[in-house]
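Below: the structure, in structure tokens.
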Amino acid sequence: MAEISQEQVERAIKTTCATVLRNEHYFSDLDGLAGDGDFGTSLATGFRVIDKEWDQIDKTDIGAMLLKISMLVSKHVGGSSGPIWGTGFMKGAMLTRGKTAISLQDLADMLGSAIEGIQARGGAKLGDKTLLDALIPVHEVLKAHAAGDQDPGATLRDAADAADKAIDETRSLVAHRGRASQVGERSSGTPDPGIVAIATILQDWCKDRGIARTPKAAEVAKATA
Amino acid sequence: MAEISQEQVERAIKTTCATVLRNEHYFSDLDGLAGDGDFGTSLATGFRVIDKEWDQIDKTDIGAMLLKISMLVSKHVGGSSGPIWGTGFMKGAMLTRGKTAISLQDLADMLGSAIEGIQARGGAKLGDKTLLDALIPVHEVLKAHAAGDQDPGATLRDAADAADKAIDETRSLVAHRGRASQVGERSSGTPDPGIVAIATILQDWCKDRGIARTPKAAEVAKATA
Amino acid sequence: MKKFVNDPAQFVPEFMKGIALANPDLLDYTPEFQMIVRKSGVDNAKVSIVQGSGSGHEPAHVMAVGPGMLTGACQGAVFAAPPVDACYETIKKCASDAGVLVLVNNYQGDRMAWDMATEMATAEGINARQFWINDDVAVEDSLYTVGRRGVAGNFFVIKACGAAAEQGKNLDEVEAIAKKVNDNVRTMGVALTSCIPPAKGTPIFEIGDDEMEVGVGIHGEPGRRREKIHPADQITEELFEAVSKDIPFNSGDRIALMINGLGGTPITELYVIYAKAHELAEKAGFTVVRNYVGEYCTSLEMAGASLTILRLDAELEALLDAPAETAARIF
Amino acid sequence: MKKFVNDPAQFVPEFMKGIALANPDLLDYTPEFQMIVRKSGVDNAKVSIVQGSGSGHEPAHVMAVGPGMLTGACQGAVFAAPPVDACYETIKKCASDAGVLVLVNNYQGDRMAWDMATEMATAEGINARQFWINDDVAVEDSLYTVGRRGVAGNFFVIKACGAAAEQGKNLDEVEAIAKKVNDNVRTMGVALTSCIPPAKGTPIFEIGDDEMEVGVGIHGEPGRRREKIHPADQITEELFEAVSKDIPFNSGDRIALMINGLGGTPITELYVIYAKAHELAEKAGFTVVRNYVGEYCTSLEMAGASLTILRLDAELEALLDAPAETAARIF
Ligand SMILES: Nc1ncnc2c1ncn2[C@@H]1O[C@H](COP(=O)(O)OP(=O)(O)O)[C@@H](O)[C@H]1O
Ligand SMILES: Nc1ncnc2c1ncn2[C@@H]1O[C@H](COP(=O)(O)OP(=O)(O)O)[C@@H](O)[C@H]1O
Ligand SMILES: [Mg+2]
Ligand SMILES: [Mg+2]
Ligand SMILES: [Mg+2]
Ligand SMILES: [Mg+2]
């Protein structure tokens, strides 16, 4: 059974900080197309603190670490992203209390729980053109690999593919949540910045682990260039 | 001795109403070059009422009529023009109490008194680039003809020439009074709208009396076209 | 960007510092949470009234703190809901034995943040409750969004609840007043220009030199339609029609009438609108008992205005009459 | 022109009608003279305080009428002195046995109109006197102009004289207070944008997207210089330096500090300026006893601000503290 070590989780978080900080303006610009242009800044405000306080973050176990990250998000991220990402990390933390390593199935469960939490918090469902449209297919990928080959590398590549694909598949949809939902039809034709962020993070994780793949959506190519 | 009848004075006032109303926007535009762009409107607001209430205006004698006109100006003309033109008409009224005809000398005295009143009111002197720079040379013309040929036609033509000339002679000066004085050097190169108004009124009086003359300053040509 | 601003990222903390420095006897400022509470502190015999939302709507929300108004408020970045923790800390700081009523303008980000914060506070034994304000008639409820937006009507909910809390009404009673005001208040706005969030540096929407956005939201959200600019009276008629027909208001109603400036419109233009709105109200058979002309809920420097009607009864009239004091003041 | 306006020629009477409709218990409006006086009428035991000037500076001047402030005021067209008759009628309407003090902002048109009006009133036996306010340090006195302009410091002259009159001080005493305030108050402003007088329909001056006018007048008169826009703190330092060095103010002075918005600048930006100004005042050894942040003397929708410092003594402090009420209000 493939194990994911705490060190690998830490590394993924560090990589995520870099992704979010590098794309602060780009993600905000994407949000500006149909939303209110604050997504990149909101997210970066939180991850900048996580990055800076990294050494002081409690790393007794994965759960403790994710709990602290969830708290930093709650403290520093405003807008819709604060509750959404804070809830996601909180749910992940609850399932990893005391653990210093997790299985692929654990990871799938964590994401499943995060998705449920985000849905309960914000009321969005698949097709509302939110980051759930990336997270839900990624969850399917995790579940399949957890039940099948259990290959973390293949899992990550397939997950990145799924999130990447979600950008183009939802591009023509009309947003039904967040500020972008307020422009009605005008959001159709623009990518959802939350989905782009998830796909970009997964692509950066691939790169960090030496998994070769070429992003399909132009936005991910741009964000990871 | 040449007499100017009350009827001629009335006709001059009526003509003045037409001049001011026709040039409401043009005079304001000229004021906008270095001042605050309200001269035409301020003046027209008053003369529109004079024009409209013409039939009700007391015409017992020239003095009574000019007093009423002065009062209408005081009531309806705002900005610097209210006190300036109101004072002018008031001074004229004071010298014509009970008169139904005036001599050229009377007219010269009226203007002289108006000039004094305006100077006392606003503190401007010759060369400050105000309508006094037209009125003072016109006063000289009146005095000369009153002491000389006493020809009303020739007097009017020379008066119009003098006011006309004042436009170009003061064009390069810096305004020292009124809003235009607040832009400092920037007023140099623009004509003073008050001087243009006086020259235009005199030109229209010439035209009305069949006195042929061609305005020299482009502004008068435009305002009387 | 024609603004008085230093580092745009510091815009909110800097203006909050200014508000605090200008009101040392009235307000207490906690920079860490962009939180302002009454200097006089919490009275455990009285319900605390709390609010918080994105910045850019001043005097809402932090400038509405004071006796007879909010107990405390926190602000997020411009147009962004405050972080959950700020909301939580605000509830905690304002916690009263009599309970805390959180007045949330109905936006997704604000609702989620206050939801979490209220849950956290409740878990700690604080008696906190939320109430959503949604007076904007411009955008209809829909399956997909969180519904109508909360805009200038917010002022009346705060004023009435603040006065009721001051009188010692209990949490149920104060909440009932919030509901009564919210049920009887309606608003619609119109924008002539966009605004520029300092950190963004560019307008939040494009609008032609001769256009207006009818039904605009206070974050620049689109309204009912984009039109050529009309004369003030016609705009006022449109707003009045949309607002007064919404509940609907009825002939014989006693009302409060508010013309709210969106930030860049001078007070004189608001009075041009007021003159017409007052006339229309009288024509409709309403009695204008109180009026409010000025800035209550803005959108940075946006040129625009909104019209709010609140139906009054004896209870609400008395609550609006009650004394109050905030950082927004003349003398 | 992005304005709420009907016929531009009716802009002033229409907004005055709105002010009157919104303040039926406080104000009395005479359309014929664009004149607003206190509803409570004239108290012959008290000096009347009167003012009037061009429109476009609201809440100055007609919105400064009320108990403890002006007895009455009249307005001209936008940026144009009122007609002489309006001034005369205002003095007449406010005539009191205790006398009338006319507070004139120092502009040529206003001075001439009030000169004539005061002469007319005096001729009729009314005890009327003029006082010229000239707090703007931007433009130096010169042989050619009428001298320094009267701007936001105007508010303090009205407030102090209004309070003194209310206390029953006689005309000499009230005039002495006007002089004391005017001698101790200084202002300078800065514009980021121009404004558009409705009847003109175009900006009163051109200014680049990255420029500001330092020392601007409230009718858009040029100031000391045109510069690239600086960060708020630097602008505040420039204004503070120019104003505080003018009298000069001295370490140990107790002061009132005002940040006045010119019409289009949102309150938050004024507080960014206030935060810095307060800091500078403390650094200079001043004690900020009272502060005023908001709109007191505007220039239509101009984006900009002015900084005013008034040196206080016990008498002025008490006068500023005294109660007052005007059409400019929050609740
Ligand atoms: N209710 C929701 N549930 C899940 N994700 C959401 C929801 N609303 C918005 N999002 C995601 O958040 C992103 C926008 O975040 P942000 O800009 O911080 O929020 P806001 O819309 O409040 O400005 C969207 O691109 C979308 O992916
Ligand atoms: N002090 C003065 N004495 C005489 N004429 C003056 C004076 N000030 C201004 N004027 C004249 O009045 C004209 C401007 O009038 P107007 O626009 O009504 O006044 P304001 O300058 O107050 O806007 C000027 O063109 C000038 O000819
Ligand atoms: Mg956003
Ligand atoms: Mg002028
Ligand atoms: Mg947002
Ligand atoms: Mg003028």
Side-chain angles (χ1 to χ4, degrees), chain C residues 1-7 11-12 14-19 21-22 55-56 58-59 63 159 192-193 195 209 212 229 231-233 235-236 259 263-276 278-279 288 291-295 298 300-301 303 305 320 323-324 326 328-331, chain D residues 1-7 11-12 14-19 21-22 55-56 58-59 63 159 192-193 195 209 212 229 231-233 235-236 259 263-276 278-279 288 291-295 298 300-301 303 305 320 323-324 326 328-331:
Chain C
M1 185 168 62
K2 293 240 147 173
K3 281 183 183 297
F4 296 106
V5 61
N6 297 299
D7 172 6
F11 179 64
V12 177
E14 284 184 357
F15 82 66
M16 290 190 75
K17 182 177 149 197
I19 294 171
L21 282 171
S55 294
E58 294 67 27
M63 287 183 70
K159 179 70 185 73
L192 305 184
T193 67
C195 60
D209 272 353
M212 61 180 184
I229 293 184
D233 283 355
I235 295 174
T236 309
I259 307 299
T265 287
I267 185 88
T268 42
E269 295 178 38
L270 300 182
Y271 275 109
V272 170
I273 297 176
Y274 183 79
K276 183 69 185 178
H278 185 104
E279 226 171 74
V288 183
N291 65 77
Y292 301 79
V293 184
E295 291 176 354
T298 62
L300 294 171
E301 80 281 21
L320 292 187
T326 65
R329 56 188 165 78
I330 310 295
F331 295 105
Chain D
M1 186 169 60
K2 292 238 146 174
K3 282 184 182 299
F4 296 106
V5 61
N6 296 299
D7 173 4
F11 179 64
V12 177
E14 284 184 357
F15 82 66
M16 290 190 74
K17 182 177 151 196
I19 293 171
L21 283 171
S55 294
E58 295 65 25
M63 286 183 71
K159 179 69 186 71
L192 306 185
T193 67
C195 60
D209 272 353
M212 59 180 187
I229 293 185
D233 283 355
I235 295 173
T236 309
I259 306 300
T265 287
I267 184 88
T268 43
E269 295 179 38
L270 301 181
Y271 274 110
V272 170
I273 297 175
Y274 182 79
K276 183 70 184 176
H278 185 103
E279 229 170 70
V288 183
N291 66 75
Y292 302 77
V293 184
E295 292 177 354
T298 61
L300 294 171
E301 79 281 22
L320 293 187
T326 66
R329 56 185 163 80
I330 310 294
F331 295 104

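Proteins come first, then strands; the chains are lettered A, B, ... in the order of their sequence lines, and each starts at number 1. Computed from a prediction, not measured in an experiment: that's the story for all the values here.
- One finds the OG1 atom of C:Thr326 at 4.0 Å from the CZ atom of D:Phe331 (value rounded to the nearest 0.5 Å).
- In this structure, the portion of C:Asp209 lying under 4.5 Å from any heavy atom of chain D is its backbone and not its side chain.
- Of the listed residues C:Pro59, C:Pro231, C:Gly294, the one with more heavy-atom pairs under 4.5 angstrom with chain D than any other is C:Pro231.
- Under the salt bridge (charged side-chain N to carboxylate O under 4.0 Å, His left out) criterion, C:Lys3 pairs with C:Glu301, D:Glu269, sequence neighbours left out.
- Contact annotation for C:Thr298: neither backbone nor side-chain heavy atoms come within less than 4.5 Å of a heavy atom of chain D.
- Within the model, atoms NE2 of C:His278 and CG of D:Leu21 stand 4.5 Å from one another, a figure rounded to the nearest 0.5 Å.
- Distance check: C:Met63 CE to D:Ile267 CD1 gives 4.5 Å after rounding to the nearest 0.5 Å.
- Here the closest non-hydrogen pair linking C:Val272 and D:Asn6 is CG1-ND2, 3.9 Å.
- In this structure, the portions of C:Ile330 lying under 4.5 Å from any heavy atom of chain D include both its backbone and its side chain.
- Contact detail for C:Tyr274 and D:Gly18: the closest heavy-atom pair is CD2-O, 3.6 Å.
- Chain D forms the most heavy-atom pairs under 4.5 Å with one residue out of C:Gly264, C:Cys195, C:Ser55, and that residue is C:Gly264.
- Contacts of C:Ile235 with chain D are made by side-chain atoms alone, with heavy-atom separations under 4.5 Å and no backbone atom involved.
- Listed by chain and number, the residues in a salt bridge (charged side-chain N to carboxylate O under 4.0 Å, His left out) with C:Lys276 are C:Glu237, C:Glu279 (sequence neighbours excluded).
- Each of C:Thr236, C:Leu300, C:Leu320, C:Thr268 has some count of heavy-atom pairs under 4.5 Å with chain D, and the biggest count is that of C:Thr268.
- Proximity to chain D is limited to the side chain of C:Ile273, based on heavy atoms less than 4.5 angstrom apart.
- Contacts with chain D were tallied for C:Ala275, C:Ala303, C:Gly56; C:Ala275 has the most, counting heavy-atom pairs under 4.5 Å.
- Only the backbone of C:Met1 comes within less than 4.5 Å of a heavy atom of chain D; no side-chain atom from C-beta onward does.
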- Message: Please evaluate residues C:Phe4 and D:Leu192 with respect to the criterion side chain to side chain contact (heavy atoms under 4.5 Å, CB included), reporting the C-alpha separation (whole Å), side-chain torsions for both, the decisive distance (0.1 Å), and the verdict.
- Response: CA-CA 9 Å; C:Phe4 296 106; D:Leu192 306 185; 3.9 Å; yes

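- Counting heavy-atom pairs closer than 4.5 Å to chain D, the top-ranked of the candidates C:Glu295, C:Glu14, C:Lys2 is C:Lys2.
- D:Tyr271 is not listed as a side-chain neighbour of C:Glu58, based on a closest heavy-atom distance of 4.5 Å or more.
- Interface remark: D:Ile229 contributes side-chain atoms only to the contact with chain C (heavy atom separation under 4.5 Å).
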